[in-house]
Amino acid sequence: MDIPSQYNPKEVEEKIHQLWLKWDCFNADINPQKKPFSIVIPPPNITGILHMGHALNNTIQDVLIRFKRMQGFEVLWMPGTDHAGIATQNVVEKDLAKHGLKKEDIGRDDFLKKLWAWRDEYGLTIIEQLKKLGASCDWRRTRFTMDEDYSRAVKEVFVNLYEKGLVYRGNYIINWCPRCKTALSDEESAHKEIDGFLYYIKYPLKKSIAPIPQSSEKLNSINYQPSTINYIVVATTRPETMLGDTAVAINPKDSRYKWLKEAGVILPIVERELKVIEDEAVDLEFGTGVVKVTPAHDPIDFSLAKKHNLEFINIMNDDATLNEFVPPDFVGLDRFKARDALLEILEEKGLIEKKEPYKISAGHCYRCHTIIEPRVSLQWFVKMKPLAKRAIKVVEEDEIKFSPVRWKKVYLNWMHDIHDWCISRQIWWGHQLPVYYCRKCQEAEMQNAKCKIQNGEEKQKKNKGIIVVPEKPDKCPDCGSTDLYQDEDVLDTWFSSWLWPFATFGWPFKQHSAVSIQLSADRKEELKADSRARSEAKPPRGGKLKAESELNYFYPTNVLVTASEILFFWVARMIMAGMEFMGEIPFRDVLIHGTVRDSKGIKMSKSLGNIIDPLEIIDKFGADALRFSLMQLVSSGADAYLTEEKFLVGRNFSNKIWNAARFLLLKIKENNLKIDNLDFKELDEIDKWILKELNQTIEEVTLSLENCHINSATKKIYDFFWHKFCDWYIEIVKDKFTANKSKVLIYVLTNSLKMLHPLMPFITEEVFQLIKNHTSLSQDETIMKSSWPAKTHPSKVSGWSTCARKGIQVDRCELEINKEKTEGIETLLDTIGQIRNIKIDLGIATKKVKLEVKLKGPDLDLWKVNQPWIKRLARLETIEFREDLERVLYKSERGELNLIVEDIEIKNFLSSLEKKIKKLTVVFEKISQRLKNKDFLGKARPDTVEEEKIKFEQISNQIRRLTELRNAFKDADDRK
RNA sequence: GGGCGGAUAGCUCAGCUGGUUAGAGCAUUGCGCUUACAUCGCAAAGGUCGCAGGUUCGACUCCUGCUUCGCCCACCA
């Protein structure tokens with residue numbers, strides 16, 4: 001079998017993926033012998049195509065999933081997609097528009113058919129793309145938020161909350177998107193600053209008045225006639241809303257306008273008399289101190305109106321054109337056109353005092369970015385405070401932990417100040433409200449929001465004719481009429497997503513509730529004990545888990561991985577839903593990662609054209625390269641700034657792994673070695689060194705992954721593999737490629753592959769299979785199901801054939817991290833570096849020269865034994881061991897060395913010595929100052945002082961040796 | 001208006017609970033096709049750790065203020 005010298009991910013990835021599917025590697029089922037570990041995927045929108053954010057998010061999850069799977073947990077990664085109500089409807093509407101059609105033209109039923117057709121055709125695109133990334137989800141379970149079971153769960157929840165009095169219907173001011181023509185929740189309205197103007201508009205008084213000035217300064221500032229006043233000035237950023245004004249408000253403390261009530265105010269153009277109200281909410285400092293009040297189109301005004309019992313006039317249609325409640329000239333005009341027209345008229349009438357440029361913070365629809373219009377309308381809401389209570393507690397008490405921790409505070413702040421959630425949407429794609437109306441009972445109730453609403457409150461206390469049940473009833477329970485119709489609205493997408501961690505398991509229909517409660521407590525205990533030091537995957541206490549249902553077995557899930565953007569949308573609400581419906585937290589850890597940005601720090605988005613397409617990266621460099629580079633860049637929740645070249649690191653590393661394996665396997669073949677066990681004997685110094693390094697790496701990488709510090713795990717394994725294993729061990733071993741060596745090589749390589757597997761699943765699997773094919777070792781079927789490396793003696797590592805378990809002569813102690821055992825090798829490696837340096841200084845970098853060394857004891861033996869590769873790596877002709885050297889070029893506490901060269905160029909050598917001396921002298925000074933300081937000696941910890949003293953010794957010696965060398969050469973140089 | 005995060009080599013970032021000769025990758029500069037890998041090897045250069053105070057025997061690490069970039073929340077019309 002030929003192994004090409006360059007790794008070709010394209011050939012490998014698809015093949016490997018098929019293998020995994022064939023071997024059922026992704027599937028998880030209840031297994032009483034194992035502890036569960038589960039993650040639910042943040043379901044991507046069916047409109048989504050894989051972008052870098054997904055790649056990042058899902059790679060993190062897959063790394064944890066694969067790691068835990070190898071650790072022996074029964075691992076479930078639950079996949080699925082979100083119907084994404086508004087987003088999907090928009091996409092299909094656009095499609096229709098291409099044919100010149102509106103959804104109304106084809107009607108609700110046909111439109112929904114089109115939506116389902118669209119979903120069937122494109123809705124699984126992103127799932128296929130996730131597979132390319134290597135995501136090891138249990139694809140059999142792929143859920144969709146509009147699956148039949150799932151939809152039933154959504155309805156159950158709605159009905160349940162309604163019955164508890166936590167879902168209610170009412171006329172309130174909500175965020176209205178005039179383009180999507182639906183209500184939105186507060187979270188779906190993103191506040192952004194836009195440039196606008198603050199207009200100062202004169203509202204005439206009913207009767208002129210001549211008040212006694214309180215303060216001439218203030219009077220001047222609002223610029224009215226000193227004697228008689230016949231208008232007041234209000235400031236507004238949205239002049240068109242004045243057509244819906246029903247009052248003006250002042251602060252009761254404001255002495256400037258005490259007379260206003262008496263004078264009366266007339267709304268210009270409309271010529272309606274406005275009420276004058278007093279309220280603390282009015283800011284004396286802002287504008288003129290007089291506020292126009294538009295109850296139906298402004299949140300503050302809305303609450304003022306409720307408090308002061310004002311009239312609500314909704315002046316807008318659902319597309320933000322003005323309706324018939326405004327003067328005829330304005331009817332049908334778009335809100336911004338109306339604004340211009342109105343300003344023009346006001347200008348003509350001399351009613352505009354001034355306008356100032358002003359930054360307006362306006363809500364924008366998070367789906368189409370249209371400016372939100374606050375608007376009173378009849379909607380359904382969820383009362384959040386009661387739900388928040390327990391969700392706050394579990395986070396406050398760290399039952400659910402955020403990482404990085406700072407998000408805990410963000411979460412709690414939001415939760416403490418939570419507002420009711422508007423959940424009805426005036427679109428067609430989604431879960432239609434399980435609400436039925438009796439036409440007979442309702443009659444006047446269902447007045448459209450277009451009409452005047454007397455009072456925004458207008459609670460339906462009796463709810464007569466409103467039937468909230470999961471399935472359509474036969475007749476009205478009140479009057480027995482069969483003339484029933486369902487509420488047209490659908491639920492907010494997030495009203496289904498918040499059930500994701502348990503509805504995906506078939507809740508509430510597949511749950512054995514009695515068992516559930518008991519087991520939940522059980523599991524909770526376990527998780528508590530386990531979570532901080534998750535280690536081996538032992539079966540639950542008592543060795544059996546009485547899980548009749550998957551929900552009981554896999555819920556609560558272990559960790560939720562997400563970006564901060566959906567903390568409120570989704571994470572917070574899942575916690576509330578979990579507590580409310582399961583009585584238990586949905587996940588124990590929340591891992592919040594950063595946002596993917598471009599090189600300038602701007603969030604990647606298609607509209608800005610600054611995206612780097614992960615699929616393109618996969619195509620060019622491979623999925624492993626993409627994954628590795630992303631994981632290397634992601635650090636504890638910080639944003640990642642990406643450029644295409646950053647993926648080269650991953651690509652190059654893939655190639656390095658490939659070639660290390662290639663070399664090993666070619667050598668085995670070349671030397672005709674038959675490897676049927678890993679029963680390696682006679683470990684020499686260098687073997688012990690690499691095994692020690694390996695053990696240490698295993699320890700560190702495992703710990704990092706346990707703590708979800710993926711990037712540090714990435715760095716450690718990278719450093720070990722490339723700079724220890726490839727740069728040194730493989731290079732050294734080239735000379736003497738024996739069966740025994742090849743066993744060590746395979747052992748180290750395989751363990752490295754295992755550690756790398758969560759990060760780079762494809763190449764590690766491919767190489768794992770290659771090793772199997774090139775040797776006679778009996779190994780696991782797939783690396784995916786092999787066991788995670790343990791920091792231990794090789795014989796104790798499971799996953800190897802039984803032959804690997806017996807007869808290994810190595811004392812376990814020898815492989816422990818033991819400084820003395822490998823110090824000789826470490827010094828030797830360091831010395832080789834010194835020789836290389838000296839040769840460069842002397843200008844003979846590539847020349848093969850003779851080396852003389854003066855060594856003693858174990859070092860001498862070590863050098864003698866290892867001569868061949870020392871010569872090769874340091875590029876030496878011969879090594880001579882002598883009692884005394886003619887000349888010394890390098891000195892350490894362990895020995896001296898000299899290179900035999902004629903006419904050496906001493907200048908560089910000397911200056912490099914000087915430099916070293918200078919650098920060390922600076923440190924030396926620092927340390928001696930410290931040691932002279934009485935306070936330091938008295939107050940610092942004794943062991944710190946001791947360390948400093950040792951350091952002092954070492955550095956003095958180093959300086960002494962270097963100085964001696966320097967002087968010797970300087971003398972010689974001077975004599976010349 | 002509140003809150004949060006970042007500011008360390010030219011670039012992107014590590015640096016845990018205060019004591020390090022402050023690290024890595026990329027880029028740069030030399031040298032090198034040495035028995036896998038030029039998607040490579042060997043080496044070099046490059047940092048008064050944003051600024052100013054403070055605490056401390058000692059601060060890149062802790063505290064305060066400032067500068068600057070970026071996020072999130074908020075009913076200043």
Side-chain angles (χ1 to χ4, degrees), chain A residues 3 5-7 173 191 198 234-238 241 249 281-283 285-288 290-294 298-304 358 360-361 374 404 406-407 409-410 413-414 417 564-565 567-568 594-595 597 599 601-603 621 625 632-633 635 637-643 645-646 648-649 651-667 670 711-712 715 718-719 723 726-727 730-731 734-735 737 833 836-837 839-841 843 845-846 872-873 875 912 919-920 922-924 926-927 930 933-941 944-945 947-948 951 955 958:
Chain A
I3 304 174
S5 70
Q6 279 193 2
Y7 173 59
I173 193 132
H191 282 264
L198 187 59
V234 299
T236 179
T237 53
R238 296 187 296 152
T241 62
V282 179
D283 184 353
E285 307 296 322
F286 193 89
T288 59
V290 187
V291 189
K292 63 190 268 311
V293 181
T294 320
D298 186 277
I300 317 162
D301 295 3
F302 177 80
S303 55
L304 279 178
Y358 195 76
I360 308 162
S361 170
R406 66 184 128 99
W407 293 106
K409 207 169 136 190
V410 177
N413 281 348
W414 188 78
D417 190 34
S564 60
E565 282 95 332
L567 184 62
F568 306 139
T595 305
R597 299 176 183 281
S599 55
I602 299 165
K603 196 171 159 176
F621 305 134
Q632 193 204 31
L633 288 167
S635 53
D639 289 353
Y641 290 40
L642 292 180
T643 53
E645 64 178 16
K646 292 205 167 151
L648 289 174
V649 180
R651 194 236 358 211
N652 295 353
F653 190 42
S654 304
N655 206 237
K656 194 72 184 176
I657 297 168
W658 183 253
N659 273 287
R662 172 173 184 254
F663 171 75
L664 204 171
L665 296 174
L666 289 179
K667 275 289 184 185
E670 200 178 286
N711 68 326
S712 84
K715 276 168 191 147
Y718 178 88
D719 187 59
H723 298 305
C726 292
D727 285 353
I730 292 183
E731 286 304 324
K734 275 179 180 174
D735 261 341
F737 201 92
R836 286 166 175 165
N837 267 325
K839 287 182 73 183
I840 287 174
D841 282 341
T846 50
R872 187 162 42 79
L873 295 191
R875 293 191 144 251
S912 132
K919 217 172 153 188
L920 282 171
V922 174
V923 184
F924 175 81
K926 240 163 95 181
I927 297 175
R930 217 171 279 163
N933 188 335
K934 273 188 208 137
D935 284 328
F936 173 72
L937 296 171
K939 291 182 185 173
R941 287 198 345 243
T944 309
V945 177
E947 275 168 35
E948 288 297 311
K951 231 188 275 171
I955 291 197
Q958 260 174 290

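Note on naming: letters A, B, ... go to the chains in the order of the sequence lines (proteins, then strands), and numbering restarts at 1 for each one. Everything numeric in this text was worked out from a predicted model, so none of it was measured.
Both A:Glu948 and A:Ser712 lie close to RNA chain B; mapped to their nearest nucleotides by heavy-atom distance, the more 5′-ward contact belongs to A:Ser712.
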Distances under 3.5 Å between protein N/O atoms and the N/O atoms of nucleotides 74-77 of chain B, please, pair by pair.
unit_1 : atom_1 : unit_2   : atom_2 : d
B:rA77 : OP2    : A:Tyr358 : OH     : 2.9
B:rA77 : N6     : A:Asp283 : O      : 2.7
B:rA77 : N6     : A:Phe286 : O      : 3.3
B:rA77 : N1     : A:Asp283 : N      : 3.1

Using a cut-off of under 3.5 Å, enumerate the N/O to N/O pairs linking the protein to nucleotides 36-40 of chain B.
unit_1 : atom_1 : unit_2   : atom_2 : d
B:rA36 : O3'    : A:Arg662 : NH1    : 3.1
B:rA36 : O2'    : A:Asn659 : OD1    : 2.5
B:rA36 : O2'    : A:Arg662 : NH1    : 2.5
B:rA36 : N7     : A:Lys734 : NZ     : 3.2
B:rA36 : N6     : A:Glu731 : OE2    : 2.9
B:rA36 : N3     : A:Asn659 : O      : 3.0
B:rA36 : N3     : A:Ala660 : N      : 3.4
B:rC37 : O4'    : A:Asn659 : OD1    : 2.8
B:rC37 : O4'    : A:Asn659 : ND2    : 3.3
B:rC37 : O2'    : A:Asn655 : OD1    : 3.0
B:rC37 : O2     : A:Lys656 : NZ     : 2.8
B:rC37 : N3     : A:Lys656 : NZ     : 2.9
B:rU39 : O4'    : A:Arg651 : NH2    : 3.2
B:rU39 : O4'    : A:Asn652 : OD1    : 3.1
B:rU39 : O2'    : A:Asn655 : OD1    : 3.2
B:rU39 : O2     : A:Arg651 : NE     : 3.3
B:rU39 : O4     : A:Gln6   : OE1    : 2.4
B:rC40 : OP1    : A:Asn652 : ND2    : 3.2
B:rC40 : O3'    : A:Lys656 : NZ     : 3.2

Show me the protein contacts with nucleotides 57-60 of chain B, counting only N or O atoms at under 3.5 Å.
unit_1 : atom_1 : unit_2   : atom_2 : d
B:rC57 : OP1    : A:Lys939 : NZ     : 2.5
B:rC57 : O2'    : A:Asn933 : ND2    : 2.9

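A:Glu948 pairs by the side-chain hydrogen bond (donor to acceptor under 3.5 Å, both in side chains) definition with A:Arg930, A:Lys951, not counting sequence neighbours. Among residues two or more places apart in sequence or in another chain, the side chain to side chain contact (heavy atoms under 4.5 Å, CB included) test is passed with A:Asn933 by A:Asp935, A:Phe936. Not a single salt bridge (charged side-chain N to carboxylate O under 4.0 Å, His left out) links A:Glu645 to another residue, sequence neighbours left out. For A:Phe924, the ring-ring contact (aromatic ring centres under 6.0 Å, His included) partners are A:Phe952, not counting sequence neighbours. Applying the side chain to side chain contact (heavy atoms under 4.5 Å, CB included) criterion to A:Ala640, with sequence neighbours excluded, gives no partner residue. Considering only residues two or more places apart in sequence or on other chains, A:Asp283 meets the side chain to side chain contact (heavy atoms under 4.5 Å, CB included) condition with A:Glu285, A:Phe286. Partners of A:Arg872 under the side chain to side chain contact (heavy atoms under 4.5 Å, CB included) rule, at least two apart in sequence or in another chain, are A:Glu731, A:Lys734, A:Asp735, A:Trp869. Residues passing the ring-ring contact (aromatic ring centres under 6.0 Å, His included) test with A:Trp407: none are found, sequence neighbours excluded.
The backbone N or O of A:Leu873 sits less than 3.5 Å from a side-chain atom of A:Arg836, completing a donor-acceptor pair. Within the 3.5 Å criterion, the main-chain N or O of A:Gln6 finds no donor-acceptor partner in the side chain of A:Asn655.
Using C1' as the reference atom, B:rC42 and B:rC69 are 40 Å apart when rounded to the nearest Å. Nucleotides B:rA45 and B:rG23, compared at atom C1', are 16 Å apart to the nearest Å. The P atoms of B:rC73 and B:rC26 are separated by 39 Å, rounded to the nearest whole Å. Separation of the C1' atoms belonging to B:rG46 and B:rU29 is 11 Å when rounded to the nearest angstrom. Going from the P atom of B:rC60 to that of B:rC16 covers 13 Å, rounded to whole Å. Of the P atoms belonging to B:rG53 and B:rG58, the separation is 16 Å, rounded to the nearest Å. Between B:rC71 and B:rG18, the distance separating the two P atoms is 32 Å to the nearest Å. Distance noted for atom C1' between B:rU64 and B:rG25: 36 Å (whole Å).
In this structure, the CZ atom of A:Arg836 is 16 Å from the P atom of B:rG32, given to the nearest Å. When rounded to the nearest whole Å, the span between CH2 of A:Trp407 and P of B:rC71 equals 12 Å. Rounded to an integer number of Å, the gap from A:Asp639 CG to B:rG6 C1' is 9 Å. Atom CD of A:Glu645 is separated from atom P of B:rC26 by 11 Å (rounded to the nearest Å). For A:Leu567 and B:rC4, the CG to P distance is 16 Å, given to the nearest whole Å.
A perpendicular orientation is assigned to the rings of A:His723 and A:Tyr718, their planes being inclined by more than 60° (bins at 30° and 60°).
Listed nucleotides B:rC31, B:rG25, B:rA43 differ in distance to A:Ile840; the shortest reach to its side chain belongs to B:rA43. Listed nucleotides B:rG25, B:rA43, B:rC31 differ in distance to A:Ala845; the shortest reach to its side chain belongs to B:rC31. The listed nucleotides are B:rC4, B:rU21, B:rC71; the one nearest the side chain of A:Arg406 is B:rC4. Checking B:rU20, B:rC72, B:rC13 against every side-chain atom of A:Phe568, the shortest atom distance belongs to B:rC72.
Among the heavy atoms of the strands, none lies under 4.0 Å from A:Lys934. Using a 4.0 Å heavy-atom cutoff across all strands shown, A:Phe621 reaches no nucleic acid atom at all. Within 4.0 Å of A:Glu565, counting heavy atoms only, lies no atom of the nucleic acid at all.
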Subject >> Bracket notation of RNA chain B in which parentheses pair within the strand, [ ] cross earlier pairs, and | pairs with another strand (Watson-Crick or G-U, under 3.5 Å) >> reply: (((((((..((((.....[...)))).(((((.......))))).....(((((..]....))))))))))))....
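OP1 and OP2 of B:rC26 both lie 4.0 Å or more from every side-chain N or O belonging to A:Lys646. Put simply, A:Arg872 has no side-chain N or O that comes within less than 4.0 Å of OP1 or OP2 on B:rU34. At B:rA44, one or more side-chain N or O atoms of A:Asn837 fall inside 4.0 Å of OP1 or OP2 (strictly under the cut-off).
Residues A:Pro374 and A:Asp298 are not in side-chain contact: their nearest non-hydrogen atoms beyond the backbone lie 4.5 Å or more apart.
Side-chain atoms of A:Lys667 and base atoms of B:rU35 include a donor and an acceptor less than 3.5 Å apart.
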